[in-house]
Protein chains: 4
Amino acid sequence: MPRISPERREAKRAEIVAAARRCFSRDGFHQTSMPDIAAEAGVSAGAPYRYFASKEEIILAIAEDAFGLVFRPVERLAAVSEAASVAELVAASLEALSVDTVTDATGRSVSVEELLRCAVQAWSELLRNEAVRTPAVEGFEVVRRSIAAALGRGQKAGAVPITADPENSARVVMGLLHGYLLQRVAFSLTDTAGFSEDVTVLLGGGAQCEAPAR
Amino acid sequence: MPRISPERREAKRAEIVAAARRCFSRDGFHQTSMPDIAAEAGVSAGAPYRYFASKEEIILAIAEDAFGLVFRPVERLAAVSEAASVAELVAASLEALSVDTVTDATGRSVSVEELLRCAVQAWSELLRNEAVRTPAVEGFEVVRRSIAAALGRGQKAGAVPITADPENSARVVMGLLHGYLLQRVAFSLTDTAGFSEDVTVLLGGGAQCEAPAR
Amino acid sequence: MPRISPERREAKRAEIVAAARRCFSRDGFHQTSMPDIAAEAGVSAGAPYRYFASKEEIILAIAEDAFGLVFRPVERLAAVSEAASVAELVAASLEALSVDTVTDATGRSVSVEELLRCAVQAWSELLRNEAVRTPAVEGFEVVRRSIAAALGRGQKAGAVPITADPENSARVVMGLLHGYLLQRVAFSLTDTAGFSEDVTVLLGGGAQCEAPAR
Amino acid sequence: MPRISPERREAKRAEIVAAARRCFSRDGFHQTSMPDIAAEAGVSAGAPYRYFASKEEIILAIAEDAFGLVFRPVERLAAVSEAASVAELVAASLEALSVDTVTDATGRSVSVEELLRCAVQAWSELLRNEAVRTPAVEGFEVVRRSIAAALGRGQKAGAVPITADPENSARVVMGLLHGYLLQRVAFSLTDTAGFSEDVTVLLGGGAQCEAPAR
DNA sequence: CATGAATGAGCATTCATTCAT
DNA sequence: TATGAATGAATGCTCATTCAT
């Protein structure tokens with residue numbers, strides 16, 4: 001087999017990543033062996049090493065996908081919102097994750113359920129794996145700042161309580177999002193719409209009534 | 001007739017648990033070997049097996065401690081609160097975790113930081129470990145119901161928006177708590193008081209402004 | 001009909017051998033992988049297999065080059081010497097190796113240092129590799145007999161002690177040569193001229209005292 | 001099994017070393033796997049790791065034994081000789097290696113044949129393994145200086161040609177010894193006594209005949 | 001002819017667990 | 001009881017070799 005086309009190479013890499021994601025989602029990072037991944041992908045034991053230098057690199061790739069799944073929609077929403085209230089921001093973010101599949105950078109369909117399970121494991125991993133932590137924390141900071149900026153604009157527009165600190169409030173927004181994710185994959189949260197509605201009721205009311213009072 | 005007194009046995013078990021907690025917090029469940037734990041505890045390699053049947057049992061014990069650390073104060077607060085608003089409930093729960101150490105059932109001091117790091121890992125673990133999941137989910141449900149009940153009382157007292165669904169709102173409360181914990185151990189949240197204040201501003205306002213409207 | 005000319009084929013084979021020699025000299029036979037050799041030669045991973053059936057064949061080719069480097073000059077000197085003393089034979093042999101490069105059968109320049117390092121490794125290899133041992137031992141025997149014959153002629157001419165046994169003495173000559181090589185590549189022998197001089201002093205005396213007999 | 005006595009531990013370590021020596025002698029350092037060594041020693045695959053941190057450590061231990069076998073007798077002879085000629089020093093050194101077995105530091109019998117085969121492989125190894133090279137080169141230097149000193153004393157006593165340089169001559173002595181060893185294990189030298197005799201004739205005759213003859 | 005992707009057996013090493021002492 | 005030596009299955013990874021393109 002001579003040099004394969006970049007497309008085929010990319011496709012095979014994606015298959016290995018998909019296989020790893022299924023394994024990791026089902027069995028966990030550390031209960032999945034490299035032979036497990038290879039078998040799930042239908043390739044030989046050595047094949048993944050042509051695409052990733054080590055198991056850690058596969059974990060890292062999937063952790064980045066998982067963090068991206070969570071961070072990217074929020075960042076995008078924060079960037080485009082004109083005068084979003086906290087409730088609107090959270091609700092829209094949760095909405096963005098209320099799908100069964102997303103499409104990755106190469107157009108492939110990826111199970112949200114699987115990737116969120118990997119995300120929870122990636123939280124464990126980043127605690128003591130520098131290679132996972134660094135991009136995760138940087139990604140988080142980017143999102144947080146983006147949210148803070150949106151909330152600042154919201155304050156000017158009266159949609160966000162003027163007494164709120166945008167930096168802290170951005171953390172509250174991320175906290176709600178992360179807390180939702182954890183319940184969804186680990187604590188049998190099925191009524192995701194209900195969660196979102198109550199976030200709106202609890203937060204949204206607060207913001208709206210404040211404005212006149214001040 | 002035991003050769004060692006129950007007190008000494010309990011003390012040794014606690015030392016092994018403490019050693020495991022330090023190891024797990026530092027290196028993770030799966031990067032920590034049983035010999036590591038034994039060495040950290042200063043006992044022989046076989047000793048932990050006189051107190052735990054397997055490594056999984058140690059993980060389980062620590063996961064239960066970790067979940068208990070998070071759930072117990074919330075449950076207690078929910079149980080005793082008369083007419084708590086959501087904001088008060090969350091703020092009090094966060095407050096309860098703003099300590100460096102807690103005291104376990106046998107009166108030993110336990111590092112909150114260490115145990116919270118174990119909690120995040122336990123979230124991973126429960127995804128595919130039945131023995132961890134079952135008590136965790138049950139514990140969560142107990143807390144959730146307790147919060148829901150408190151919020152129901154809060155609605156009657158006008159401290160919680162009447163349009164909120166107590167079941168869903170209880171999940172929001174837990175979501176905020178879990179999201180806070182994750183940021184604290186994984187995403188460099190240092191201003192825990194600031195987080196709590198903004199939770200109060202964002203949520204608390206909502207509850208308070210409703211009252212006059214009714 | 002070959003697609004490439006015999007010259008180009010020979011040239012490519014020589015490049016692969018040269019690359020293998022560099023790798024083997026630097027990293028050892030068994031720490032060098034076939035991909036290492038291919039990369040060093042700037043060819044594809046499969047290319048060496050069009051010239052050698054296996055890695056062992058490359059090792060064999062280089063081992064033969066290495067043994068040839070040592071044996072050939074000695075044999076030639078022994079063959080042409082008329083009445084050489086032992087000291088003269090050894091000194092001339094060492095002299096022949098006091099160059100930085102030699103020219104191989106196809107006129108290519110080869111590093112003596114590199115090839116001697118391969119020779120030491122080939123000694124290990126021949127201990128348990130029949131394919132390396134057989135030609136090595138045969139080559140050694142040829143040289144030994146050649147030296148023995150030369151020493152026999154030397155005895156008749158009075159240049160070699162009459163009490164010496166040419167067969168044994170030939171082994172002593174080879175022993176000195178091998179011992180010199182080992183020190184040169186492994187035990188930091190830098191004053192190769194000094195070594196040679198002292199061989200002459202120590203052995204030459206024997207030869208010289210015979211001189212009056214002439 | 002509680003702590004075993006130092007004697008038993010030492011005995012087991014020695015068994016593993018002996019098994020490794022047999023394997024290495026038969027198959028070579030790099031063709032011998034750790035499971036091979038364990039099987040040869042009759043222990044489990046993990047057992048050697050309780051005595052050696054890695055395969056390299058076993059190689060190192062055996063390489064040191066092998067170098068010691070060669071160096072130690074020579075050094076001892078050089079140290080005690082009063083006015084040794086070069087021939088006497090070499091002959092005595094060869095004599096010391098003309099045994100089938102030697103006794104190691106713990107009183108165990110070790111096959112000389114096996115250890116010499118390991119020595120030749122250790123020469124390869126030291127070319128690119130710092131851990132093997134350093135002690136080997138240091139050991140060599142100690143022996144070389146010891147020989148040089150003995151030859152210096154020999155010069156004063158008239159047993160060594162005054163024109164010889166002790167430093168270089170010491171290298172010649174080591175060269176003869178190493179050359180002999182190589183032929184013995186690799187080039188079918190069986191008449192070791194004959195080799196030794198001719199060394200004496202060629203070297204010793206020289207020295208002895210010089211003085212009176214002239 | 002040449003390429004380099006793929007194979008899959010093999011290796012060094014680790015570690016949860018057992019059990020003789 | 002407590003110890004820690006021993007086990008042996010499992011793991012991440014390598015690499016000689018093949019062969020489809």
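Just so you know, these numbers come straight off a predicted model, no measurement behind them. Throughout, protein chains are lettered first and strands after them, A, B, ... in sequence-line order, and every chain is numbered starting at 1. All heavy atoms count here, side chains included; hydrogens, waters and symmetry mates do not.
- Remark: Val43(D), Ser44(D), Ala45(D), Gly46(D), Ala47(D) in residues 14-48 of chain D come within less than 4.0 Å of DNA chain F through at least one heavy atom.
- Base pairing in DNA chain F gives the following stems of 3 or more Watson-Crick or G-U pairs, range against range and under 3.5 Å: E:2-21 with F:2-21.
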Expected list for residues 55-62 of chain B: side-chain donor-acceptor pairs under 3.5 angstrom, two or more places apart:
| unit_1 | atom_1 | unit_2 | atom_2 | d |
| --- | --- | --- | --- | --- |
| Lys55(B) | NZ | Phe29(B) | O | 3.1 |
| Lys55(B) | NZ | Thr32(B) | O | 2.6 |
| Glu57(B) | OE1 | Ala53(B) | N | 3.0 |

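- Arg108(C) is linked by a side-chain contact (heavy atoms from CB on, under 4.5 Å) to Ala11(C), Ala14(C), Asp104(C), Thr106(C), counting only residues two or more places apart in sequence or in another chain.
- Contacts of Ala41(B) classified as side-chain contact (heavy atoms from CB on, under 4.5 Å), with partners at least two apart in sequence or in another chain: Ile16(B), Ala19(B), Val43(B).
- Applying the salt bridge (Lys or Arg N to Asp or Glu O under 4.0 Å) definition to pairs two or more places apart or across chains, those involving residues 119-133 of chain D are Glu125(D)-Arg128(D), Glu130(D)-Arg133(D).
- With sequence neighbours left out, Arg26(C) forms a salt bridge (charged side-chain N to carboxylate O under 4.0 Å, His left out) with Glu40(C).
- Atom pair Arg50(B):CZ and dT1(F):P shows a separation of 6 Å (rounding to whole Å applied).
- For the salt bridge (charged side-chain N to carboxylate O under 4.0 Å, His left out) test, no residue two or more places apart in sequence or in another chain qualifies with Arg117(B).
- Checked against side-chain contact (heavy atoms from CB on, under 4.5 Å), Ala186(D) has the following partners two or more places apart in sequence or in another chain: Leu126(C), Leu127(C), Leu182(D).
- Nearer the 5' end of DNA chain E, as judged by each residue's closest nucleotide, is the contact made by Arg8(A), out of Tyr49(B) and Arg8(A).
- Using a 3.5 Å distance cut-off with no hydrogens or angles, the side chains of His30(D) and Gln121(D) do not pair a donor with an acceptor.
- With sequence neighbours left out, Ser5(D) forms a side-chain contact (heavy atoms from CB on, under 4.5 Å) with Glu7(D), Arg8(D).
- In terms of the side-chain hydrogen bond (donor to acceptor under 3.5 Å, both in side chains) criterion, Ser111(A) has no residue partners (sequence neighbours excluded).
- Contact between the side-chain N/O atoms of Lys12(B) and the OP1/OP2 oxygens of dT1(F) is not found at any separation under 4.0 Å.
- Remark: Ser54(B), Lys55(B) in residues 51-62 of chain B come within less than 4.0 Å of DNA chain E through at least one heavy atom.
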